[in-house]
Participant: 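Shown below is the structure under consideration.
Numbered from 1 within each chain, the chains take letters A, B, ... in sequence-line order.
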Amino acid sequence: MIELGLELSERDGWAVLAVSGEVDVATAPRLRERLVGLVGEGRTRIVVDLEKVDFIDSTGLGVLVGALKRVRTNEGDLALVCTGPRILKVFEITGLTKVFAIHRTVDEATLAG
Amino acid sequence: MIELGLELSERDGWAVLAVSGEVDVATAPRLRERLVGLVGEGRTRIVVDLEKVDFIDSTGLGVLVGALKRVRTNEGDLALVCTGPRILKVFEITGLTKVFAIHRTVDEATLAG
Amino acid sequence: MKHHRISLRVPAQPEYLALVRMVIAGTARIEPILDDERVDDLRVIVSEACTNAIEALRERGSDPSTAAITIECHLTDDAVELVVADEGGGFDPGGLDVLPEVTDPSRLRIERGLGIPLIRALSDESEITSGPEGTQVRVVLQATEPPAV
Amino acid sequence: MKHHRISLRVPAQPEYLALVRMVIAGTARIEPILDDERVDDLRVIVSEACTNAIEALRERGSDPSTAAITIECHLTDDAVELVVADEGGGFDPGGLDVLPEVTDPSRLRIERGLGIPLIRALSDESEITSGPEGTQVRVVLQATEPPAV
Ligand SMILES: Nc1ncnc2c1ncn2[C@@H]1O[C@H](COP(=O)(O)OP(=O)(O)O)[C@@H](O)[C@H]1O
Ligand SMILES: Nc1ncnc2c1ncn2[C@@H]1O[C@H](COP(=O)(O)OP(=O)(O)O)[C@@H](O)[C@H]1O
């Protein structure tokens, strides 16, 4: 029933994964799998675009933290794109705005890297 | 929370009431009021356009039957526009397809009158 | 064999009907044993049953801030069973007025009495148990497709 | 004074989380005492609490076809109270690991343990009661606007 959209594109050497829908314990495994897959293929510069995410909870945050750790141990980087206040709020409360580079657009994210 | 859209327009001397949303016991009173109001203003040739109705139950059907009765006692007429199978189904099961003139378009409804 | 059981208790107020329909349709879609048309049938059934429950509780003069309806939905591989229960004053399900023929001119006088006929027509099985303690409407809709074995 | 009480019991399975969030958000919108941001907070809270309940029941080895979570929501003019209860194995809410500072490099090791901090931060009042019979998470969100008198 619950759809999680995952769309992959390329931008200046970054893998851009656009996520849409609701990220919770039902759907997070699909996101994790995809991110692990990317790193496995040697893609260690990743932008996760959360602009079309309607909902994320701590399970989703955990997947993103795990992916960040994974790319960093491979000398890569993971940046987020997010402007929605409801999504930003959970990053702020959990202190993760200090852990992730959060950008307003995919362009900004890839240029900043 | 539940929105019922009611939009009134004119077509060749018919009052066309386009209904949208869900018609149940919570929203049907608004529909009834509007139809009673129209008849009260002397509008007795009425098309009720159900194309944008997502849901109707027996309370909604009752309001339409009541309105039909009301316009008929005023020598008027009430026609329906409906093609959606889920809405048509409740008319069929209750035998109301034989009571109402049900058309595929507003044009067809007003021309037929 | 799957077994999913959800139950919902809401105030006996018309504003909750849309929510109830949403929950029942949402549940039916988590385990999609019914096709969309049958899910719509289920939405009509639950709405009719809850509307009657709301009216019964209001007629009984129940305190509107505490009067509630219980909706249970039980899904297996084969069927969806739905039970709507209220603590209204009850009625005699066998003694309902027979509707005049739709072609009978007096049919137009009838603006009500369509709910239970709809519940019966849209379900594969239906059973109404009613008494002074309240009413239970139970329906079963068989799976649209044969269960995957 | 309004009093709306709804309760929902669903299988302790991840597929039901979206439905639970929908019901809680839908209920909060029927009596709109919370603004949209607070309704979103409530969606996060209920999702976190139910996720923990699902995990606790799975760890306990409860039969997945019967294990269930109960969600109750109580609305008045002043506040929304939400209670999520499970019959999992319980835990010591006072004894949770303290998260390393977010700037601490070891913070990256932590992919979990964010749920209860979120529940606490997003609610105006929260209380966790847990024992070997199960856990109850109770939160209160105060009305966004002063109630219309
Ligand atoms: N849950 C119930 N409790 C008490 N009476 C009921 C209940 N459901 C139905 N009834 C009685 O049966 C009658 C017929 O119901 P129904 O066919 O749904 O039509 P309507 O509700 O439009 O009258 C109702 O008018 C009511 O008197
Ligand atoms: N309902 C519950 N039943 C049993 N244990 C729980 C429950 N809720 C939380 N816990 C325990 O508290 C820990 C911390 O929970 P939380 O902060 O939500 O983070 P996470 O679930 O990611 O570990 C959980 O790992 C679990 O051990």
Participant: Out of D:Val23, D:Thr70, D:Thr66, which one racks up the most heavy-atom pairs below 4.5 Å with chain C?
Facilitator: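 Looking at each of D:Val23, D:Thr70, D:Thr66 in turn, D:Val23 comes out on top.
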Participant: Under a 4.5 Å cutoff for heavy-atom pairs, which residue among D:Cys73, D:Pro11, D:Ser7 has the most contacts with chain C?
Facilitator: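 With the most close heavy-atom pairs to chain C, the winner is D:Ser7.
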Participant: Got a second to check how far C:Arg5's CZ is from D:Arg9's CZ, nearest 0.5 Å?
Facilitator: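 Here the rounded value is 10.5 Å.
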Participant: Please round to the nearest 0.5 Å and tell me the distance separating atom CD1 of C:Ile71 and atom CG of D:Leu8.
Facilitator: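 Going from the CD1 atom of C:Ile71 to the CG atom of D:Leu8 covers 10.0 Å.
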Participant: Where does D:Gln13 contact chain C at under 4.5 Å (heavy atoms): side chain, backbone, both or neither?
Facilitator: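 For D:Gln13, the side chain is the part near chain C, not the backbone.
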Participant: Of the non-hydrogen atoms in D:Gly26 and C:Leu19, which two are nearest, and what is the gap between them?
Facilitator: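 Smallest heavy-atom distance, with atoms named: CA-CD1, 3.9 Å.
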